[in-house]
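Hydrogens, waters and symmetry mates are skipped; everything else that's a heavy atom, side chains included, is used.
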Amino acid sequence: MDGLIYFGFALLGLSVGSFLNLCIDRLPRGGSIVSPPSHCDNCGRRLRPLELVPVLSYLLLRGRCRYCGAGIPIRVLIVELASGTLYALMAWHFDLNLELAVALIFTSVFLVIFFIDLEHGLILNAVVFPAIAIAFVFSFFRSGYAEIWPDLGPGFVLSAMLGGAVGFTILLLPYIISRGGMGAGDVKLAGLIGLVNGFPLVLVAMFTGIVAGGAVAISLLLSRVVGRTDAIPFGPFLAVGAVVSIVWGERVVDWYQTSFTGL
């Protein structure tokens, strides 16, 4: 694909980012993502189309509502930019096929999970369960990781099922042992990540998330930004690991096999 197509996917990602912001705002409150139309949470004024242009509206309004002057969270801008960047990255990495569609859908899901957990400490069933159902359905139409599962009919189904079981199991034991130190939502998210990435790529996702989470937690503790009893959401790190595995998981597994197993 040429640069113009990548740019088109970036614009699509920016637009999707606006919708993801709406999901991040409303779902933790149990609100509808269909109605009412987009509005200022402070004064209730309905936003006009020109006030909903991704990135540009935020910059032109200087991060404030034009009616009441209330601040618009910087997260709105970050999500739109992240979504646009990731959509362009996925278009660059994948061909125009089902794998690209899967990558775009679940990158969006993981962005929503990342920011809801970061802001509210919640991994919502309303996000995870529908995503699990979609990942399961897609598994019947995707091809498996060829080095592990040769393409024999619905080659990804076995990989997805095993990946989901492995991801779920990896965090189930810490959840049981921690007695509340880890949320059940993290365990469900790990199962979703396994379904999306399949086996063995789920191991790349989990390893990346655990290492990133541990490194950030240690840094925050050493710098005394948080205390030992403060909760640090783990979902954002799992979401990052999932996206890393979607893009680079096969390369990491191939590198590991070549370097350490001689396969």
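Under the 4.5 Å side-chain heavy-atom criterion for grouping Ile, Leu, Val, Met, Phe, Trp and Tyr, Ile232 is connected to Leu189 within one hydrophobic cluster. Under a hydrophobic clustering in which Ile, Leu, Val, Met, Phe, Trp and Tyr are joined whenever their side-chain heavy atoms come within less than 4.5 Å, directly or via other members, Leu52 and Leu60 fall into different clusters. Ile74 and Leu111 end up in the same hydrophobic cluster when Ile, Leu, Val, Met, Phe, Trp and Tyr side chains are linked at under 4.5 Å. The hydrophobic cluster containing Leu86 also contains Leu96, counting ILVMFWY residues as joined when their side-chain heavy atoms lie under 4.5 angstrom apart, directly or transitively. Put simply, Val211 and Val240 are part of two different groups of oily side chains (I, L, V, M, F, W, Y) that touch within less than 4.5 Å, one to the next.
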Next on the checklist: Assess the residue pair Glu51 and Tyr67 against the criterion (side-chain hydrogen bond (donor to acceptor under 3.5 Å, both in side chains)); give the C-alpha distance rounded to whole Å, side-chain angles, the decisive distance to 0.1 Å, and a yes or no.
Outcome noted: CA-CA 11 Å; Glu51 296 165 336; Tyr67 303 107; 3.3 Å; yes

Checklist entry - Between Phe106 and Val243, is a side-chain contact (heavy atoms from CB on, under 4.5 Å) present by the stated rule, with each step listed? => result CA-CA 8 Å; Phe106 288 103; Val243 174; over 6 Å; no

Checklist entry - After noting the C-alpha distance and the side-chain angles of Val53 and Leu56, does the key distance pass the side-chain contact (heavy atoms from CB on, under 4.5 Å) rule? => result CA-CA 6 Å; Val53 179; Leu56 289 179; 4.0 Å; yes

Checklist entry - Under the side-chain contact (heavy atoms from CB on, under 4.5 Å) criterion, do Trp92 and Leu89 qualify, and how do the steps go? => result CA-CA 5 Å; Trp92 168 79; Leu89 173 64; 3.7 Å; yes

Checklist entry - Please walk me through it: do Gln257 and Asp254 pass side-chain contact (heavy atoms from CB on, under 4.5 Å)? => result CA-CA 5 Å; Gln257 289 179 330; Asp254 289 341; 4.0 Å; yes

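Distance check: Glu80 CD to Phe19 CZ gives 13.5 Å after rounding to the nearest 0.5 Å. Expressed to the nearest 0.5 Å, how far OG of Ser15 lies from OH of Tyr87 amounts to 10.0 Å. Rounding to the nearest 0.5 angstrom, the gap separating the NE2 atom in His93 from the OH atom in Tyr6 is 11.5 Å. The CE atom of Met182 sits 10.0 Å away from the CG atom of Leu173 when rounded to the nearest 0.5 Å. Residue Arg45 holds its CZ atom at 8.5 Å from CZ of Arg66, rounded to the nearest 0.5 Å. For the atom pair NE2 of His120 and CZ of Phe115, the computed distance is 12.0 Å after rounding to the nearest 0.5 Å.
Using modelled atom types, no side-chain atom of Ser38 and backbone atom of Leu47 make a donor-acceptor pair closer than 3.5 Å. The main-chain N or O of Leu220 is found under 3.5 Å from a side-chain atom of Ser223 such that the two form a donor-acceptor pair. A donor-acceptor contact shorter than 3.5 Å is absent between the side chain of Arg62 and the backbone of Tyr58. In terms of modelled atom types and a separation under 3.5 Å, the side chain of Asn42 and the main chain of Ala70 share no donor-acceptor contact. Side-chain atoms of Ser245 come within 3.5 Å of backbone atoms of Leu201 as a donor-acceptor pair (strictly under, hydrogens ignored). In terms of modelled atom types and a separation under 3.5 Å, the side chain of Asn197 and the main chain of Ile246 share a donor-acceptor contact. Put simply, the side chain of Ser83 gets close to the backbone of Gly13: a donor and an acceptor are under 3.5 Å apart. A donor-acceptor contact shorter than 3.5 Å links the side chain of Arg142 to the backbone of Val196. A distance-only check finds a donor-acceptor pair linking the side chain of Asn97 to the backbone of Leu100 [under 3.5 Å]. With hydrogens and angles ignored, the 3.5 Å screen pairs a side-chain donor or acceptor of Thr85 with a backbone N or O of Leu81.
Contact check for Leu124 versus Ile113: no side-chain heavy atoms found under the 4.5 Å cut-off. Proximity of Glu99 to Asp95: side-chain heavy atoms (C-beta onward) are nowhere separated by under 4.5 Å. In this structure, the side chains of Leu98 and Phe138 come closer than 4.5 Å at one or more pairs of heavy atoms. Between Leu27 and Val127 there is a side-chain heavy-atom pair separated by less than 4.5 Å. Between Ile123 and Phe234 the shortest side-chain heavy-atom distance does not fall below 4.5 Å. Within the 4.5 Å cutoff, no side-chain heavy atoms of Phe207 are placed close to those of Val252. Residues Leu104 and Phe9 are in side-chain contact: their nearest non-hydrogen atoms beyond the backbone lie under 4.5 Å apart. In this structure the side chain of Lys188 reaches within 4.5 angstrom of the side chain of Phe129, judged on heavy atoms.
Smallest separation of non-hydrogen atoms from Leu195 and Ala135: CB-CB, 4.0 Å. Pairing each heavy atom of Ala184 with each of Tyr175, the nearest pair is N-CE1, 3.5 Å. When all heavy atoms of Val16 and Ser108 are compared, the closest pair comes out as CG1-OG, 3.9 Å.
Using a 30° and 60° split on the angle between ring planes, Phe136 and Phe140 fall in the perpendicular class, above 60°.
The pair Arg26-Asp41 does not count as a salt bridge, with every side-chain nitrogen at least 4.0 angstrom from each carboxylate oxygen.
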